[in-house]
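Heads up, the thing below is written out as structure tokens.
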Amino acid sequence: DAGITQSPRHKVTETGTPVTLRCHQTENHRYMYWYRQDPGHGLRLIHYSYGVKDTDKGEVSDGYSVSRSKTEDFLLTLESATSSQTSVYFCAISGGQELSGANVLTFGAGSRLTVL
Amino acid sequence: QKEVEQNSGPLSVPEGAIASLNCTYSDRGSQSFFWYRQYSGKSPELIMSIYSNGDKEDGRFTAQLNKASQYVSLLIRDSQPSDSATYLCAVGLITGANNLFFGTGTRLTVIP
């Protein structure tokens with residue numbers, strides 16, 4: 001998956017526990033994203049980053065926080081997981097080197113999270 | 001809320017036929033349009049991008065864009081069983097990181 005590694009790939013946790021998903025890239029791309037994918041909703045943007053320590057909210061950011069301390073790592077944290085956060089989470093990167101580049105996404109393999 | 005609409009399918013076509021996938025969008029300011037293919041249990045992968053009205057061809061794939069009608073389509077010629085997947089339409093502005101919106105996808109099955 002083009003130098004993008006997500007971990008863990010699968011996780012089962014209980015309601016109320018904290019969860020952190022990690023995205024690691026070796027492409028030195030500027031933009032990194034976290035999406036969730038649910039049946040009937042498609043891919044929805046949770047948070048994104050446009051540089052080290054530069055992050056912003058997406059469409060469905062409530063209940064999630066992110067951090068980017070290095071170009072290559074983008075962490076997604078669920079402070080207190082709820083059953084509604086059961087989903088498949090995809091990290092994506094884009095280069096943004098060209099005018100249209102910021103929207104050309106490459107996705108990681110995904111992390112399947114189940115909150116019981 | 002910017003909307004991207006796709007027929008969820010499933011769309012079934014025989015091997016060798018042309019598969020036609022359609023997508024409509026609500027934001028007239030949209031400038032960039034993408035088709036992603038997603039196999040079951042896998043991540044989306046980009047197969048086509050289009051920015052100008054008209055057709056763009058890449059191998060067996062043709063993307064068609066009509067901004068006046070707010071409509072983008074993907075044609076797959078000589079469909080193969082390996083084309084069986086869900087196809088996601090994504091629409092956004094010409095640049096920027098937070099303005100890409102995805103449809104829910106159309107599931108395509110190519111019957112041998």
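In what follows, chains are A, B, ... by sequence order, proteins preceding strands, each numbered from 1.
When hydrophobic clusters are built by joining Ile, Leu, Val, Met, Phe, Trp and Tyr residues whose side-chain heavy atoms come closer than 4.5 Å, directly or via intermediates, B/Trp35 is not grouped with B/Leu75. Under the 4.5 Å side-chain heavy-atom criterion for grouping Ile, Leu, Val, Met, Phe, Trp and Tyr, A/Ile4 is not connected to A/Leu75 through any hydrophobic cluster. By the rule that hydrophobic residues join a cluster once side-chain heavy atoms approach within less than 4.5 Å of another member, A/Val60 and A/Leu78 end up as members of one cluster.
Shortest non-hydrogen contact noted between B/Ser43 and A/Gly108 is CB-O, 2.9 Å. Here the shortest heavy-atom pairing between B/Lys42 and A/Phe90 reads O-CZ, 3.8 Å. When every heavy atom of A/Gln37 is checked against every heavy atom of B/Leu88, the shortest pair comes out as NE2-CD1, 4.2 Å. Taking every heavy atom of both residues into account, B/Thr104 and A/Gly40 meet most closely at CG2-O, 3.5 Å.
The environment of A/Arg44 atom CZ is dense: over 12 non-hydrogen atoms of other residues, nucleotides or ligands sit within 6.0 angstrom. The 12-atom threshold is exceeded at CD1 of B/Ile111, counting heavy atoms of other residues, nucleotides or ligands nearer than 6.0 Å.
For chain A, the nearby part of B/Gln38 is the side chain; its heavy atoms alone come within less than 4.5 Å.
Using a 4.5 Å cut-off on side-chain heavy atoms (C-beta onward), A/Leu43 and B/Pro44 make contact. Considering only heavy atoms from C-beta on, A/Leu105 comes within 4.5 Å of B/Leu100 through its side chain. Put simply, the side chain of B/Leu46 does not reach to within 4.5 Å of the side chain of A/Thr106, judged on heavy atoms.
Taking a 4.5 Å side-chain heavy-atom cut-off between Ile, Leu, Val, Met, Phe, Trp and Tyr, the cluster of A/Val12 extends to A/Leu116.
Rounding to the nearest 0.5 Å places CZ of A/Phe107 at 5.5 Å from OH of B/Tyr36.
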